Structures are given as structure tokens and as C-alpha cells.
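Heads up, the thing below is written out as C-alpha cells.
All values derive from a computational prediction rather than experimental measurement. Throughout, a chain's letter reflects where its sequence line sits, starting with A, and its residues are numbered from 1. Worth knowing before you read on, the calculation uses all heavy atoms, side chains too, and leaves out hydrogens, waters and symmetry mates.
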Amino acid sequence: MENVQKNIHTDEMINKIPVRLLKNKIYKGLFLLAALFTFILLVVLLARIFSQGASHLSWDFLQNFASRRPEQAGIKAAVIGTLWMMAVVVPVSLLLGVGTAVYLEEYAGKNRMTRFIQMNISNLAGVPSVVFGLLGLTLFVRVLFLGNSILAAGLTMSLLILPVIIVASQEAIRAVPKELREAAYGLGATKWQMILRVVLPSAIAGILTGSILAFSRAIGETAPLVVIGIPAFVAFLPKSVFDSFTALPMQIYNWTSRPQEEFHFLAAAGIIVLLVILILMNSVAVWIRNRYENKY
Amino acid sequence: MALVAFKTKEKKINEQAPVERQTVYSTKKCNLWYGNHHALKNINLDMKEREVTAIIGPSGCGKSTYIKTLNRMVDLVPNVKTSGAIEYRGRNIFSKDFHVEELRTRVGMVFQKPNPFPKSIFENIAFGLRIHGIKNKKLIHETVEKSLRQAAIWDEVKDRLHDSAYGLSGGQQQRLCIARSLALEPDVLLMDEPTSALDPVSTLKVEELIQDLKEKYSIIIVTHNMQQASRISDKTAFFLNGEVVEYDDTYTIFNNPRDHRTEDYITGRFG
Ligand SMILES: Nc1ncnc2c1ncn2[C@@H]1O[C@H](COP(=O)(O)OP(=O)(O)OP(=O)(O)O)[C@@H](O)[C@H]1O
Ligand SMILES: [Mg+2]
């Protein structure tokens, strides 16, 4: 019987197992090292910020407006301004981003035109943020006469993070199994019902994971705000999205560029506040995501 | 003689006074291409209501393609071309004024792999009602229970209706998917190898279910299991390379096939 003859030597294979196990260990160690390196960098960064800034964190610091005297300077306008800006960024970028992703994945024909658009979206993610600032300056500040308002800044930031949200949403939508779509269609669902009831609920976890990264970027970006002329010294609170404002990164940037060392400590305290807001916002997103993930 | 293994008692329908059965599906000179691949070749088949029609044939012969054409699920595949006509109760399913949504509401489908939604057992069954705009809570509850009972799974799930459908076993999931189709009380039920992933006990349950459903529904079922085809179907169509080689009463196909290729296939001398 030709095809039952043994060509494979099992003993030899078993003798090689210790070597394979060693390799297994080495790779595990390498990945651990990579993770450790990142972790240590992060700890050093945080330690520096906290050692400089923690002592300057106080109720007054949160409650005061900007000031020329460091002991009176606070971060109130910047915190509130950042919250206002994100109140524009989150809905605008999610609606546009998820909408675009749904169109590209579900409706657009797979032709050369869509491939071209797809490529451009991916490339846009790598364009320097200053360029988005210039676009915002031209389009929102000048052409639409929005000035250096919350709306102008929010829309600019939305454009900046849009590519990331689109690409992440597309990945999430693509990952929804074909079988689930067929199940919905098989019951007589229209395309929109299928998208609303099957695709989006399944994709929302992935969409949010990508969006969290994008929102974090929007909160921390400084360059586009500088370009569209967001002031760093603001002593009032905005009342609507058409008011001018300042945001945390602007405030921090302003403080770090001052000669007095006191201000550098304030900047560190500002960064702590920014981190806290980031963590709070992301926790909400993670919470929503887990709700959908764990549901079933 | 291997043929004897499939010898079934002559179907009752043939003995009883002939019942007037209307044609549900009439396929006329139907062709289908996936790009350049000619997957269905000049198919001509008439299927009657309240009968079980089995579709058999070797892997890749076009069984799934045909059954997916019957509810136009093939539309989802890019670059599909069809020609000819398939009439569902006299209406051409390819015509513009026959919406696929209507067709798929009247014709339910059960897939080869159980595909419950990542929702609760209850919501899986209610899904079809909800997309058709039914909001009446009482009606939804009643329909969910009735469908689960019909699919012979009620006793197993009645205490966990609001748990995830993913917590069910494969066989239970498949019966859940059958229940999900039954909730819309379709006219025809298309089943693509519904028991291929099931153990013998679940398979038997599904087969018994099909026997019960026959009273009200027309069933078209793809199967690789010859015993199954001979046990549960009234008519059998043998597909080969995208063509229908033979289509006749199941009894005839299994005991007295006209084409030698049919005989080779059902006796296992083939493919
Ligand atoms: N989406 C598709 N695109 C291109 N070709 C396809 C597609 N689906 C099926 N085919 C081809 O069409 C032919 C018929 O496939 P089909 O799935 O209908 O076979 P089948 O009879 O159901 O086989 P099985 O018993 O293995 O399920 C095969 O040659 C297959 O490769
Ligand atoms: Mg198949």
C-alpha cells in the first residue's frame, strides 16, 4: 500500500519540541519587553507631569480664569471651552464618519471611483493637522463667516478626525458576518432595516473603539486651533457655539511658552486636567461599547 | 441491490384521491451566471404547494444557487446574471414590480449554517414581525410562542426567552432559525441543508417538523443525505453540473430512476 507508508519520522519531530518551546519563550519575552518599554515611558511622562503639576491643582485653579499672575491663573475657560468644542466634534464627526462609512460599505458600487475615494480617505489621515487648520480657516472662519468660534473650531477638528472614524467604522461594518445580513434579508427586510437593525448594532463596538482614539486626538490637538486663531487668554465663558473661546491645549501651549517657570507648573497642572477629561470621556465610550458587546 | 436500502413505502398521496394542488414555483428556462461561470443551465421545474421537494446532487452542482435564486438571495452576489423566468404563483420574480421584500416575506429561508441574530431568543423570533411594522405586544408574544412550539423547541427555551440565542446548541439554533422563518407564516419554506450541522437526534426533530409543516407549507429542501430525501420528500430533483438530470416523484427517483447518472449518484457510485 503505497500511500500508507510512513514518510514522517514522529520521533524526530518530538525531539525538536524543546527547541520550539524555547523559541516560544523567547518571543513571549520580546513582546513583554516591548510592552514594558511603552509602559515605562508612559510612567516617566506621567510622573514628570504629576510632580510638576499636582501641587498646583486646586479648586481655585479650576475656578479661575486666565491671568497674567501665575498664582491667580486658572483653567476654567479652557475646560468649559474644550467641553463645548467636543460637544460639536462628537456628533458631527460621528454622523459624518459613520454615514460615509455606511455609504462606502453598503451602498457604493465597488468601482474605480470608490477605490479612489477610499485611497484618499486613508491618505487624509496622514495629512499634518496644520493643513486641516488652514482648511478650517479658509472654509469655516472666512467663507462661512464663523470667525474663531466654537463651531468653526469644532468643525475643523471634526474634519481632522473624520478619516480615522471613517476607516475604523468601515472595518467594523465589514466585520459584520454575511450570514446575519442574509438572515435579515431572508425575512423581507429592506436594506435600510438591515443596516439599522443588524449592521450598526453589531458594528457599534468597533466604531466606538476607533472613535475613542479619534476624540482623544481632537481634545489634544493644538495646531489647528492656533491656525484658526483661537485665543489663549479668555476671561469669559461662551454662551453658544458662535462665541469665541479657548481650549485646554491652547491654554497649555500658551503657558509652556512663557518665560516664568511658575507657568510651566501650571501647564503641567493643565495637562493633568486634560488627561482627566480624556479619561472620563473615554470611559463613557468604553461603557457604551461594553454595553453593546456584552449584551449578547 | 443497494437501491432497496431506500425503498420507502409508496407515498400516501398517490393512493388517496388526487388532491388539487396548485403550482407554487414554476421555473422556466432559467440560467444563471456568476461572472462567466454558468452555474444554472436551462432549469425547468414545477413545484406544487403543500409538497416537500428535495434537491439532491453532488457538491458544486448548483443546489444552493438554485434555492437562493428562488427568493432572489443571489442578488447579493456581485456580477450575477440570470435569464429565463421563475414564476411564484404566476408572477415572475425577476419582474420589476415584484419587490424582493414581498417575495422574501412570502417565501422563508433556512440556511445551511444556523444564523441567529446576536439578540435574545425572543427578539430573534420577533425580528421579522418588527421589520414588518407589527407593534401589537400580545400578537408578538403569541406568535413567538407559537413559532417556537411549531419548531419543536419551545420546551427547551421557554424559561430563557430573554437569554442570548448564542447560548443555544447548534441544533437548537437551527430550530430557532426555522421558528424565526415560521413567525411570518410564509407560503413556501426554502431550506438549504438544514440538518448538515446537526446530530442525529436534532436531525430527526427537524425531519419530523418538516413532516408537520407540510400540512400548511410548501417546502423545498436541499440535502446531501439520501435517506433524508427519501424519507421526507414527495418530489426529488437531481442536479448535476448546473442541470436538472431528473425530476420526479421521490419514490420513482429512488426506486426506478430513468437516468443512469441518477442511479449512480443515489447508490453512491458517483462523485
Ligand atoms: N458567489 C459565488 N461566486 C462565484 N461562483 C459561485 C458563487 N457561489 C457558488 N459559485 C459556484 O457555482 C457553482 C454552484 O455552487 P453552489 O453553491 O450552488 O453548489 P451546491 O450544489 O450548493 O454545492 P454544496 O453541496 O457543496 O453546497 C459552484 O461551482 C460554485 O463554485
Ligand atoms: Mg450548497
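- Applying the 6.0 Å contact sphere to NZ of K110(A) captures more than 12 heavy atoms from other residues, nucleotides or ligands.
- When the shell of 6.0 Å around CE of M113(A) is examined, it contains 12 or fewer heavy atoms from other residues, nucleotides or ligands.
- The 12-atom threshold is exceeded at NZ of K158(B), counting heavy atoms of other residues, nucleotides or ligands nearer than 6.0 Å.
- Per-residue counts of heavy-atom pairs under 4.5 Å with chain B were compared for A184(A), P201(A), P177(A); the largest is that of A184(A).
- Taking both residues in full, the closest heavy atoms of F117(B) and L180(A) are given as CE2-O, 3.6 Å, listed atom of the first, atom of the second, then distance.
- The parts of E179(A) that come within reach of chain B are both its backbone and its side chain, each placing non-hydrogen atoms under 4.5 angstrom from that chain.
- Heavy atoms of R72(B) lying under 4.5 Å from chain A are absent altogether.
- Contact annotation for R197(A): both backbone and side-chain heavy atoms come within less than 4.5 Å of a heavy atom of chain B.
- Closest approach of L184(B) to L187(A), counting heavy atoms only: CD1-O, 3.4 Å.
- F116(A) CZ: 12 or fewer foreign heavy atoms inside a 6.0 Å radius.
- In this structure, I131(B) CD1 and M194(A) CE are separated by 11.0 Å, a value rounded to the nearest 0.5 Å.
- For N123(A), the CG atom is densely surrounded, since the number of other residues' heavy atoms within 6.0 Å is greater than 12.
- Across A189(A), A183(A), S202(A), G109(A), the residue that shares the most heavy-atom pairs under 4.5 angstrom with chain B is A183(A).
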Could you go through Y185(A) and N71(B), starting from their C-alpha distance and side-chain angles, then the distance that decides it, and tell me whether this counts as side chain to side chain contact (heavy atoms under 4.5 Å, CB included)? CA-CA 10 Å; Y185(A) 280 134; N71(B) 72 345; over 6 Å; no
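- Looking at V107(B), only its backbone comes within 4.5 Å of chain A, counting heavy atoms on both sides.
- Within residues 81-105 of chain B, the residues that have a heavy atom under 4.5 Å from a heavy atom of chain A are E101(B), R104(B), T105(B), listed by number.
- In this structure, the portions of R180(B) lying under 4.5 Å from any heavy atom of chain A include both its backbone and its side chain.
- If you measure heavy-atom distances from P78(B) to chain A, you find no contacts under 4.5 Å at all.
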